[in-house]
Engineer: 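Dropping a structure here in structure tokens format, bear with me for questions.
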Amino acid sequence: MISVKGLTKKYTVGKADFFALDGVELVIADGEFVAVTGKSGSGKSTLLNIIGILDIPTGGSVTVNGVELTSLTPKAVAAYRNKTVGFVFQSFYLEPSYTVYGNVELPLILAGKVGNNDEKVNAALKMVGLFEKSWEKARTLSGGEQQRVAIARAIVNDPEYILADEPCGNLDSANSKKIMDILVDLNRAGKTVIMVTHDAEDAARANRIVTMSDGKITADEKIA
Ligand SMILES: Nc1ncnc2c1ncn2[C@@H]1O[C@H](COP(=O)(O)OP(=O)(O)O)[C@@H](O)[C@H]1O
Ligand SMILES: [Mg+2]
């Protein structure tokens with residue numbers, strides 16, 4: 001479970017304070033698929049990045065499975081980023097010169113698993129339908145395929161939470177649908193998914209839509 005309380009992110013621009021997050025309250029239960037929507041600049045990425053410890057808040061708290069994130073030691077932060085959450089970004093961020101396999105194996109290597117990683121890597125690649133492309137260089141794949149590699153990389157350590165920031169933002173509608181199908185499948189398999197999107201069709205695939213405006217949550221709607 002993720003519990004966000006009174007979360008703020010303040011930037012001081014010149015003499016003025018600007019709140020990218022302005023007192024966010026949010027509880028996400030295990031097994032939910034939450035879409036976070038809202039206009040550009042409303043604070044969606046900031047919220048997701050703080051949950052993933054890619055950014056730090058200026059106030060309030062995020063508690064994940066009972067542990068407050070700012071209380072984690074640097075070593076625990078590294079483990080959290082590597083194993084508890086899996087991040088998927090709009091721009092994929094693959095290593096272009098590595099193979100598909102090499103990209104997906106990276107989080108395992110970073111976690112110190114330098115032996116034979118075939119079982120986990122192959123399972124992740126099969127999940128996204130790219131096992132056949134294991135030995136191709138990442139840069140030779142289409143955008144949609146690259147995003148599927150990024151999802152395989154995000155799930156290879158079997159994280160509890162998948163955090164996706166505009167995962168379909170650079171993709172056409174056919175490839176977007178494939179990505180959304182994979183995220184829905186992962187959610188059905190038990191993963192908690194939090195996805196930032198400004199596409200209403202993609203948001204409708206979630207089972208809850210949280211809307212942000214000016215750093216605040218302005219609507220929170222469950223979908224049957
Ligand atoms: N380093 C920064 N300094 C000042 N303002 C920032 C900085 N980073 C982000 N912001 C502002 O915080 C707000 C929220 O940004 P963001 O979370 O990226 O929004 P979203 O993902 O909803 O488009 C935006 O207005 C953005 O300009
Ligand atoms: Mg954003």
Side-chain angles (χ1 to χ4, degrees), residues 2-28 32-64 69-70 77 80-81 84-94 143-144 146-148 150-151 153-154 159 161-173 175-177 179-180 182-183 186-187 191-221 223:
I2 298 176
S3 175
V4 176
K5 285 195 182 132
L7 196 67
T8 61
K9 178 72 181 182
K10 182 175 85 172
Y11 291 107
T12 306
V13 185
K15 283 187 178 165
D17 288 342
F18 170 80
F19 285 87
L21 295 179
D22 192 5
V24 172
E25 307 280 333
L26 180 67
V27 174
I28 297 173
E32 284 197 280
F33 186 155
V34 181
V36 181
T37 65
K39 289 202 181 101
S40 182
S42 57
K44 306 179 298 293
S45 294
T46 305
L47 175 63
L48 202 70
N49 288 342
I50 289 173
I51 291 172
I53 327 188
L54 299 179
D55 196 354
I56 47 165
T58 48
S61 65
V62 178
T63 304
V64 177
L69 294 185
T70 57
V77 168
Y80 177 90
R81 289 203 196 108
T84 306
V85 295
F87 240 105
V88 180
F89 301 94
Q90 179 170 355
S91 327
F92 325 141
Y93 295 125
L94 300 181
Q146 290 194 36
Q147 190 61 302
R148 281 150 63 198
I151 293 176
R153 180 183 58 187
Y161 303 98
I162 294 171
L163 308 178
D165 194 348
E166 304 273 9
C168 306
N170 286 339
L171 303 177
D172 59 40
S173 59
N175 279 302
S176 294
K177 189 181 172 300
I179 297 298
M180 289 309 306
I182 291 169
L183 292 175
L186 287 167
N187 176 245
K191 307 268 181 222
T192 304
V193 181
I194 310 174
M195 175 188 71
V196 168
T197 181
H198 51 237
D199 186 283
E201 236 176 86
D202 291 348
R205 303 285 305 272
N207 45 47
R208 178 178 174 192
I209 300 180
V210 167
T211 307
M212 294 188 70
S213 179
D214 295 333
K216 292 190 181 74
I217 292 177
T218 51
D220 187 344
E221 173 200 4
I223 311 172

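In listed order, ligands and their atoms are each counted from 1.
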Engineer: Can you report which non-hydrogen protein atom sits closest to atom 4 (C) of ligand 1, along with the distance?
Structural biologist: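 Result for atom 4 (C) of ligand 1: Tyr11 CG, 3.5 Å.
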
Engineer: For ligand 1, does Met212 get within less than 4.0 Å through its side chain, its backbone, both, or neither, judged by non-hydrogen atoms?
Structural biologist: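 Near ligand 1, Met212 shows nothing, with every heavy atom at 4.0 Å or more.
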
Engineer: Could you tell me if the side chain of Met195 sits less than 4.5 Å from the side chain of Leu183, heavy atoms only?
Structural biologist: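 Yes; the side chains approach each other to less than 4.5 Å.
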
Engineer: Please give me the minimum heavy-atom distance between Gly143 and Phe92, naming the atom from each residue.
Structural biologist: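 Where Gly143 meets Phe92 most closely, the heavy atoms are O-CZ, 3.4 Å.
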
Engineer: Give the numbers and elements of all ligand 1 atoms closer than 4.0 Å to a heavy atom of Thr46.
Structural biologist: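 Per the distance check, 14 (C), 15 (O), 16 (P), 17 (O).
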
Engineer: Which pair of non-hydrogen atoms, one from Phe19 and one from Lys10, has the smallest distance, and what is that distance?
Structural biologist: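 For Phe19 versus Lys10, the nearest heavy atoms are CZ-CD, 3.5 Å.
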
Engineer: Should Ile179 and Val88 count as side-chain neighbours, where that means a heavy-atom distance under 4.5 Å?
Structural biologist: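 They are not in contact (no side-chain heavy atoms under 4.5 Å apart), so the answer is no.
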
Engineer: Return the closest protein heavy atom for atom 25 (O) of ligand 1 as residue, atom name and distance.
Structural biologist: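 Of the protein heavy atoms, Phe18 CZ, 3.4 Å lies nearest.
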
Engineer: Would you give the length of the straight line joining atom CG of Asn175 to atom CZ of Arg148, rounded to the nearest 0.5 angstrom?
Structural biologist: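 So the gap between those two atoms works out to 7.5 Å.
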
Engineer: Return the orientation label for the Phe89 and Tyr93 ring planes: parallel under 30°, perpendicular over 60°, tilted otherwise.
Structural biologist: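 Judged by the thresholds at 30° and 60°, the geometry between Phe89 and Tyr93 is perpendicular.
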
Engineer: Which ligand 1 atoms does Ser40 reach within 4.0 Å, using its non-hydrogen atoms?
Structural biologist: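 Near Ser40, meaning under 4.0 Å from one of its heavy atoms, ligand 1 has 23 (O).
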
Engineer: Flag Ser45 as yes if one of its N/O/S atoms falls below 2.8 Å of the Mg ion (ligand 2), otherwise no.
Structural biologist: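 An N, O or S atom of Ser45 is closer than 2.8 Å to the Mg ion (ligand 2), so yes.
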
Engineer: List the atom of Val36, the atom of Lys44, and the distance in Å for their closest heavy-atom pair.
Structural biologist: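 So the two residues come closest at O-CD, 3.8 Å.
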
Engineer: Look up atom 27 (O) of ligand 1 and tell me if a protein heavy atom lies less than 4.0 Å from it?
Structural biologist: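 Looking at atom 27 (O) of ligand 1, one finds that no protein heavy atom lies closer than 4.0 Å.
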
Engineer: Give a yes/no verdict on whether any heavy atom in Lys39 is under 4.0 Å from an atom of ligand 1.
Structural biologist: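 Contact check Lys39 vs ligand 1: positive.
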
Engineer: Which protein non-hydrogen atom lies closest to atom 23 (O) of ligand 1, naming both residue and atom, and how far is it?
Structural biologist: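 Ranking protein heavy atoms by distance from atom 23 (O) of ligand 1, first comes Gly41 N, 2.7 Å.
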
Engineer: Students should be able to answer this: which protein heavy-atom is nearest to atom 18 (O) of ligand 1, and at what distance?
Structural biologist: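 Checking every protein heavy atom, the shortest distance to atom 18 (O) of ligand 1 gives Ser45 CB, 3.7 Å.
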
Engineer: Is there side-chain contact between Arg81 and Leu54, with at least one heavy-atom pair below 4.5 Å?
Structural biologist: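 A side-chain contact under 4.5 Å exists here.
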
Engineer: Around atom 22 (O) of ligand 1, find the nearest protein heavy atom and jot down its residue, atom name and distance.
Structural biologist: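 The protein heavy atom lying closest is Lys44 NZ, 2.8 Å.
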
Engineer: Hey, could you give me the CG/CG distance between Leu163 and Asp165, rounded to the nearest 0.5 Å?
Structural biologist: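 Result: 9.5 Å between the selected atoms.
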
Engineer: Within a distance under 4.0 Å of any heavy atom of Ala20, pick out the atoms of ligand 1 and give their elements.
Structural biologist: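 Result: 12 (O), 13 (C), 14 (C).
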
Engineer: Would you call Gly43 a ligand 1 contact, heavy-atom distance under 4.0 Å?
Structural biologist: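 It does; at least one heavy atom falls under 4.0 Å.
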
